[in-house]
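Side chains included, hydrogens not; waters and symmetry mates left out as well; all remaining heavy atoms used. The chains referred to below are lettered A, B, ... by the order of the sequence lines, with proteins before strands, and numbering in each begins at 1.
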Amino acid sequence: MAGDDEDRAVPAGEPAAPAAALPPVSSLDAEAAEAEHARLSDEVARANLAYYQEDAPFISDAEYDACKRRLEEIEVRFPHLAHPGSPTEQVGAAADTRFAKIPHRLPMLSLENGFTQGDVEAFVQRVRSFLNLAPGAALEITAEPKIDGLSLSLRYEGGWLVQAATRGDGAVGENVTANARTIADIPGQLAGDDWPDVLEIRGEVYMSHVDFEKLNQSDSGRVFANPRNAAAGSLRQLDPAVTASRPLRFFAYAWGEVSAPFARTQMEAVRRMQDFGFQTNPLTRICASVQDMLAAWAEIEQMRATLGYDIDGVVYKVNDLGYQARLGMRSTTPRWALAHKFPAERAWTRLEAIDIQVGRTGALSPVARLHPVTVGGVVVSNATLHNEDYIAGRGADGSEIRGGKDIRIGDWVEVYRAGDVIPKVADVDLAKRPPEAAPYAFPATCPECGSPAIREEGDSVRRCTGGLICPAQAVEKLRHFVSRAAFDIEGLGAKLVEELFRDGWIAEPADIFTLEDRYGPGQPRQLKNREGWGEKSAASLFQAIEKRREIPLARLLFALGIRHVGEVAAQDLARHYGSWQALEAALDTARPAAIAHRAAEEAVQAEREAAQAEGRRARPAEARAAALAQADLPADAANAWAGLIAADGIGPVLAMSLSDAFANERERAAIDRLVAHLTVLPPEARATDSAITGKTLVFTGTLEKMTRAEAKARAEALGAHVAGSVSAKTDLLIAGPGAGSKAKKAAELGIKVIDEDEWLAIAQG
DNA sequence: CAGCCTCGAGTTCC
DNA sequence: CTCGAGGCTG
């Protein structure tokens with residue numbers, strides 16, 4: 001599953017018979033076919049078992065696919081061999097359905113990462129200013145080692161373990177209850193009797209170094225790359241007996257849903273978790289200052305080698321749980337915690353080639369092909385090179401990257417895994433540079449379609465201008481279209497759309513919804529006859545596509561893959577307009593305004609250049625106003641544009657990009673063809689019910705009991721929009737002392753105004 | 001207008 | 001996960 005960074009160990013083993021050496025299927029007689037069918041079925045079944053249960057595949061994916069294809073061919077020619085138990089009938093590899101999905105009642109968070117002393121100082125400062133603490137006021141922060149394992153959420157009801165779920169993507173995890181029950185550190189029943197009736201304990205499953213070595217030396221023939229992979233592989237076993245035989249351990253450090261509070265501070269919570277019968281990390285401590293935190297970090301790093309288990313940093317948390325609640329969440333991380341990572345491991349290797357990939361928006365991304373090298377327990381053979389400037393070692397403004405050293409093919413380069421995941425090139429050894437190595441010439445044309453690749457002013461990436469003509473862009477757009485946050489059609493993943501695109505079955509999103517008409521029952525060419533497909537799998541894909549003809553507006557908008565319109569902007573737009581028709585109409589009406597605004601921006605640019613040439617001060621605002629006046633916009637266009645910009649989170653750049661997409665003939669036609677097949681669902685109303693849900697709020701003046709940031713976060717949690725200035729759309733103004741023009745304007749517009757105490761009453765509710 | 005925060009886009013491992 | 005850039009705030 002994507003997002004799951006569990007790796008599988010590949011043991012030495014007897015390889016599958018090479019498919020190439022086999023005679024053509026057409027030459028087989030019935031007897032030989034049956035024998036081979038049986039052999040291949042067995043092979044595939046064994047491979048499945050190894051892959052899914054043992055976490056130790058003995059054949060490569062390619063070999064596995066070859067086996068399955070060969071089986072298909074045989075079954076096409078000798079249909080009597082196809083039976084319900086045949087591996088070919090078990091379509092789409094059961095990878096995602098091995099464990100039941102469990103939605104987390106409270107999301108399992110990830111943490112913000114920091115690497116430097118400055119990051120730690122900034123974290124503490126941010127917390128202090130958010131809470132509006134006086135400079136001298138005490139602020140306790142806990143520090144604990146960050147265990148390098150995999151996180152697990154354990155749900156207890158009435159003191160009994162009822163469910164264990166992996167983190168998954170943070171919102172939905174996998175049910176591994178049976179396996180969790182076999183781990184000695186995880187109590188099946190809580191100790192004592194003083195626990196909340198519902199209690200979700202969260203922590204880290206890990207394996208100690210000693211146990212890891214023992215496991216790898218056992219005669220199972222399986223070799224795991226590192227303890228983390230071993231722990232992950234052991235926990236995700238179909239057979240709990242296998243998990244039970246693996247020496248897994250567990251540290252508790254956090255919690256999810258709780259029916260009643262059980263502590264007032266983080267440290268107290270840790271002690272309570274011990275009372276409940278959990279192991280907690282003995283190095284956890286309280287810090288009173290940034291100096292304390294850095295000292296704790298340094299001390300824990302010193303102990304790293306002798307701890308006996310892997311850690312990759314130190315986690316800091318605001319100790320007071322009341323403060324934690326006030327600080328709340330950003331989009332994916334809590335404001336009250338920071339993971340202070342240890343420096344990443346590095347390794348030197350040779351850069352063998354530089355390839356250029358073309359993305360969905362046409363961005364040309366250079367990728368380093370490296371001589372394989374082990375970095376932090378993982379073999380790395382590719383690394384990102386970001387962009388043209390990164391390779392050149394110098395930014396557009398002349399600033400130096402890596403001390404100005406450029407990267408050349410043939411160079412010795414130092415590689416590390418940023419955030420322990422993405423391989424990056426950190427340095428170049430000029431002393432080892434081959435004399436014939438030349439500076440890398442970044443292509444000026446798209447390597448996929450040959451169109452010019454242009455770098456716009458102020459942009460760091462070069463983009464292919466081919467648009468939908470470029471096959472790379474077209475296929476990346478399709479992959480995006482079927483991605484999880486977009487249409488998410490079951491059984492139609494990135495790999496399959498790519499294949500269907502290559503074969504000319506799907507050229508654009510609309511084609512997905514006519515797939516059955518063109519390749520379904522009764523057609524000359526049919527999906528069920530494709531390699532690896534059958535009657536059942538084809539029918540279920542068509543059914544999954546049918547289901548997605550009804551699509552929420554936000555998903556549709558995101559799926560279109562318009563530059564700058566991501567998941568959040570799509571949500572904002574959907575909520576702002578409420579329907580596809582309203583959005584489409586607004587964009588069409590606003591088009592002249594978009595054109596005028598672009599012209600105005602160009603006029604501003606020209607004015608800046610002219611001013612510089614003439615040595616006078618630029619007057620951008622006047623140039624813009626003049627250009628707009630000259631355009632003589634119809635009022636409805638100006639209004640529609642203003643309405644678009646007024647949407648929360650939508651600025652001129654995004655609005656322009658959206659407008660361009662809808663005005664581009666080719667793109668618009670493709671969108672219209674798609675939407676003709678769909679029923680677009682309006683955005684759901686927010687579930688929260690509070691006096692301010694769905695309302696637009698403006699804060700002004702000084703807030704004395706809460707900071708601005710805190711008030712905004714709280715209001716948004718209650719389903720309100722927080723705007724910066726008062727307009728006709730404003731529903732409520734919260735005015736503290738010193739409120740000025742905004743309060744006056746609100747009064748003119750007849751908008752309700754409340755003071756901070758009234759606001760606090762709402763915020764608490 | 002500058003600085004902060006969040007979002008979008010691209011990428012690696014398999 | 002990170003970088004760059006867009007949008008908002010002060």
query = What's the closest nucleotide to the A/Val568 side chain, out of B/dC7, B/dG10, C/dT2?
reply = B/dC7
Whole angstrom value for the distance that separates P of B/dA9 from CD of A/Glu476 = 13 Å
ask   = Within the structure, does a side-chain N or O atom of A/Arg563 lie under 4.0 Å from either OP1 or OP2 of B/dG8?
value = no
query = For B/dG10, does OP1 or OP2 lie under 4.0 Å from any side-chain N or O of A/Thr361?
reply = yes
ask   = Rounded to whole angstroms, how far apart are CG on A/Asn229 and C1' on B/dC14?
value = 10 Å
request  = Grab the OH-C1' distance between A/Tyr390 and C/dC3 for me, whole Å please.
outcome  = 11 Å
key: From B/dA9, B/dT11, C/dT2, nucleotide with atom closest to A/Ser365 side chain   = B/dT11
For atom CZ of A/Arg335 and atom C1' of B/dC5, their distance in whole Å = 10 Å
ask   = Is any side-chain nitrogen or oxygen of A/Gln357 closer than 4.0 Å to OP1 or OP2 of B/dG10?
value = no
ask   = So, is A/Lys424 close to the C/dC3 phosphate, meaning a side-chain N or O under 4.0 Å from OP1 or OP2?
value = yes
task = Ignoring backbone atoms, establish whether A/Asn382 has a side-chain N or O less than 4.0 Å from OP1 or OP2 of B/dC13.
result = yes
task = May I have the distance from A/Arg402 (atom CZ) to C/dC3 (atom C1'), rounded to whole angstrom?
result = 15 Å
ask   = Is there a donor-acceptor pair under 3.5 Å between the side chain of A/Glu448 and the backbone N or O of A/Val358?
value = no
query = For A/Arg479 and B/dT11, is the shortest distance between a side-chain N/O and OP1 or OP2 below 4.0 Å?
reply = no
ask   = With distance as the sole test, does A/His480 use its side chain to make a donor-acceptor pair with the main-chain N or O of A/Val475 at under 3.5 Å?
value = no
ask   = A/Arg624 pairs by side-chain contact (heavy atoms from CB on, under 4.5 Å) with which of A/Glu601, A/Glu607, A/Arg619?
value = A/Glu601
query = Centre of A/Tyr390's six-membered ring, under 6.0 Å away, within 45 degrees of the axis: is that where NZ or CZ of A/Arg402 sits?
reply = yes
Chi angles and distances behind the ring pair (Phe, Tyr, Trp, His ring centres under 6.0 Å) call for A/Phe123, A/His340 = CA-CA 10 Å; A/Phe123 165 70; A/His340 188 183; over 10 Å; no
request  = Nearest-nucleotide wise, let me know which of A/Val367 and A/His564 is further upstream toward the 5' end of DNA chain B.
outcome  = A/His564
inquiry  = Using the side-chain heavy atoms of A/Ala363, tell me which of these nucleotides is nearest: B/dT6, B/dG10, C/dG4.
reply    = B/dG10
query = Taking the side chain of A/Asn113 as heavy atoms from C-beta outward, which of B/dT11, C/dT2, B/dC13 is closest to it?
reply = C/dT2
query = Does A/Ser381 place a side-chain N or O at less than 4.0 Å from the phosphate oxygens OP1/OP2 of B/dT12?
reply = no
Euclidean distance, atom CE of residue A/Met656 to atom P of C/dA5 [Å, nearest integer] = 18 Å
remark   = Winner on side-chain proximity to A/Ala569, out of B/dG8, B/dT6, B/dT12, is B/dG8
Position toward the 5' end of DNA chain B (nearest nucleotide), A/Phe558 or A/Ala383 = A/Phe558
remark   = Here the distance between atom C1' of C/dT2 and atom CZ of A/Phe115, to the nearest Å, is 9 Å
task = Could you state the atom-to-atom distance from OH of A/Tyr416 to C1' of B/dC13 in whole Å?
result = 16 Å
request  = Could you verify whether a donor N or O on one side chain and an acceptor N or O on the other, from A/Arg462 and A/Asn387, lie under 3.5 Å apart?
outcome  = no
